[in-house]
J.: 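To start, I am sharing the structure in question, which I have written as structure tokens.
Values reported hereafter were calculated over all heavy atoms of this structure, with side chains retained and with hydrogens, waters and symmetry mates removed.
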Amino acid sequence: MTFQLILDEIKNNLKKILDDLSISDVNFSVELAKPGFGDVSSNIAFLLAKELKKNPKEITQMLFEKYSQCSSTLVLKTEAHPSGYLNFFADWTKLSKLILSESYLDTFGAVDIGNNSNIIVEHTSVNPNKALHIGHIRNIVVGDTVSRILTKANYKVNVLNYIDDSGLQVADIIVGFKHFKFDEEPPNGKKFDHYCGDDVYVKTTQKYELDSSLGEIRKNTLKELEDGDSETAAFGDMITRKVLAGQLQTCWNLNVSYDCLNFESQIIRSGLWSKIFEKLKEMGLIEFENDGKNAQCWVIRGDDNEDDKVIVRSNGTATYIAKDIPYAAWKLGLLDDPFYYQKYGATQPNSKTLWQTSLNNDSATPQNFTAQKVVTVIDSRQERLQKIITTLMEKFNSIPDSYVHLGYESVTLSSDTAKTLGLETDGKQAQMSGRKGVYVSADSVCELLKQKITEETKKRHPEMEDSEIEKIAQSVSIGSLRYEMIKQDLDKIITFDLAKSLSLEGDTAPYIQYAYARASRILEKSGITPTTDVDFSLLQEKSELNLVKTIGLFNLQVRDAANNFAPKVIARYCHDLAVAFNSFYEHVKVLDSDNDELKSSRICLVNSFNITLEKALDLLGISAPNRM
RNA sequence: GGACUCGUGGCUCAGCCUGGAUAGAGCAAGCGGCUUCGAACCGCUAGGUCGAGGGUUCAAAUCCCUUCGAGCCCUCCA
């Protein structure tokens, strides 16, 4: 507990005052004050205005007088503001000590929302027939950041990546390899996922448009693919796993890791569908249509204005959404687990074990990846389908909010960037399309950013060794990209512009990382080991106290972010920390001071800032180099 | 036609859930700051009918209704 302490103290005192006045059920706020209005403010007087039939100003004055009789340890003085707000000024000597001491603990910023319960976060889930593009990155970074935040909020998080290794998009590349004889080895060392996406997939799709008779070949290939024993299925498995390996490299490079890979082909072959199909029928959640436009189909009835959704076609095959139902039920632990688990054949950079589903029990280890609560990160275009699943799961297990669809808006290309890809958009932004080959690949953006940052770093540190520059460029480029993907609200479209993405100034990760590097240099040059055994009363400058205050807000921000699955909250917090530090840096000289006591206090603060920022950035999957 | 989302300075956004004080940032523009703990920084100036209209309220960018504009979804595609 940190800044929360003073909020709690004030809230309790105000409650007591209300009790004495025999007033209850007033949901007043006690929150961080706007700059210039003290440290904490409450709207309590506004809420009492009606009941007491007085204007807020009078009430605030009355509360102000009563508050002076309350016992307070962290509040130095109170103010009845003419506007009606009741403002509080903190005793910063005491509060600084509490906040800065707490910040040195490993658990700083942790909150308990999850009560150590299991939760699943599923993200990425990109069709394994192409390389990841910048739109997928948003999904991955949102998912990874949310899982880090939930871990900090005391959930046991398992991260899943759903591998959709059956279906038309996979059939298409098989047609490319088998029918159009694309070489199985990519030319001149091209990454396999890029080769499949850029060449095989795009060009095969183009040929469909020229020759409609290819539709038959496509359909047959799909059929063979879904028959687990066929040669086509084995070939498809081999190809999709090679693509997946390439995709995982991209993800790992972004500091993202997983706990388990779930293969759609295995879910299909596991027989989970027929089990859930029977249950759906029993529970009356799906109905058979005898006539009408969906005659001979099984459907889910639509709510209100929504149309019915076909689950099983009149020819007896299941539709796309039907594959999601058993998977969702499996995640929630509503079905017996048909899978065995094997270790994936490559280690993740953070050395966490990565499991994968398997249907044969050779060298298998039992695992449990189910949870009472499931968060699925999918873009909001799938909202309707996800809503059907959500509703269905609610009826299944009667636990509200156990299946959460975390939606986000798509990433589009700016008209300039689209133009560089050969697409004229008439000044409008453009949707990406893997099929048409209109996209910016994740790897190329990372590479571009890394080059730019390498240049910038060399400019600033001509003497620096290449290996260190490489490390810095890696950290800053990944930080930049990740930050851009989460700093704004999930329901805002991100228009990606190649040129603008290279900006390293302002509200960007490099700005934040730079503050960390500055602080690191102060600590390094001071020659003092930071300690919290210092005189906190010496920290009196506005910029010092503002920095302490911002540090003290960490756990409040984590709570907000975890409750709302809102990664941007932490992004903004990191930015706020950096702004507060830069202001401190300009106003206060740490090392110049003749006063050793003061120097120690400031070193304590600088170190507190650094460890807090490091922890907050870690929630974003961003590292901070000591020099840059 | 129906569902959902967005609309805040030239541009990109925060604030909206949970109504209250002076609507905050960044980019771009103009000016200023490195013999000083690192200028990937800081300060100043200019720029805003919070899409429009109505309602609720002592109080609306925030809640409700209507409307306009943009996006997206509404296949026995995946």
J.: What is the base-pairing partner of C73(B), counting Watson-Crick and G-U wobble geometry with both distances under 3.5 Å?
T.: G2(B)
J.: Are Tyr511(A) and His575(A) an aromatic pair, judged by ring center distance below 6.0 Å?
T.: yes
J.: Would you mind classifying the nucleic acid contact of Val569(A) as base, sugar-phosphate or nothing, using non-hydrogen atoms under 4.0 angstrom?
T.: nothing
J.: Got a salt bridge between Arg627(A) and Glu465(A), using NZ or NE/NH1/NH2 to carboxylate O under 4.0 Å?
T.: no
J.: Reckon Thr457(A) touches a base, only the sugar-phosphate, or nothing at all at heavy-atom distances under 4.0 Å?
T.: base
J.: Considering heavy-atom distances to RNA chain B, does Asp507(A) or Phe584(A) have its closest nucleotide positioned more toward the 5' end?
T.: Asp507(A)
J.: Distance criterion of 3.5 Å, no angle test: do you see the side chain of His587(A) paired donor-to-acceptor with the base of G43(B)?
T.: no
J.: Report yes if the distance between the aromatic ring centroids of Tyr85(A) and Phe37(A) is under 6.0 Å, otherwise no.
T.: no
J.: So which protein nitrogen or oxygen atoms get under 3.5 Å of nucleotides 18-22 of chain B's nitrogens or oxygens?
T.:
unit_1 : atom_1 : unit_2   : atom_2 : d
G20(B) : O6     : Phe46(A) : O      : 3.3
A21(B) : N6     : Ser41(A) : OG     : 2.8
A21(B) : N1     : Asn87(A) : OD1    : 3.1
A21(B) : N1     : Asn87(A) : ND2    : 3.2

J.: Under 4.0 Å, heavy atoms only, any strand: does Lys589(A) hit a base, just the sugar-phosphate, or nothing?
T.: base
J.: Across all strands, who's sitting opposite U56(B) as a Watson-Crick or G-U wobble pair, both distances under 3.5 Å?
T.: none
J.: Between the side-chain atoms of Arg572(A) and the base atoms of A25(B), is any donor-acceptor pair under 3.5 Å?
T.: no
J.: Using a cut-off of 4.0 Å on non-hydrogen atoms, how would the nucleic acid contact of Leu385(A) be classed: base, sugar-phosphate, or nothing?
T.: base
J.: Mind checking side-chain hydrogen bond (donor to acceptor under 3.5 Å, both in side chains) for Asn546(A) and listing every partner two or more places apart, or none if nothing turns up?
T.: none
J.: What is the pairing partner of C27(B), taking Watson-Crick or G-U wobble pairs with both distances under 3.5 Å in any strand?
T.: G10(B)
J.: Can you tell me, in whole Å, how much space there is between the P of G69(B) and that of G1(B)?
T.: 11 Å
J.: What nucleic acid atoms does Leu168(A) come within less than 4.0 Å of, heavy atoms only: base, sugar-phosphate, or nothing?
T.: sugar-phosphate
J.: Walk along nucleotides 71-76 of chain B from 5' to 3' and tag each nucleotide B, S or - by protein heavy-atom contact under 4.0 Å, base first, then sugar-phosphate.
T.: SSSSSB
J.: Which distance, rounded to the nearest 0.5 Å, do you find between the CG of Leu481(A) and the CD1 of Ile622(A)?
T.: 9.5 Å
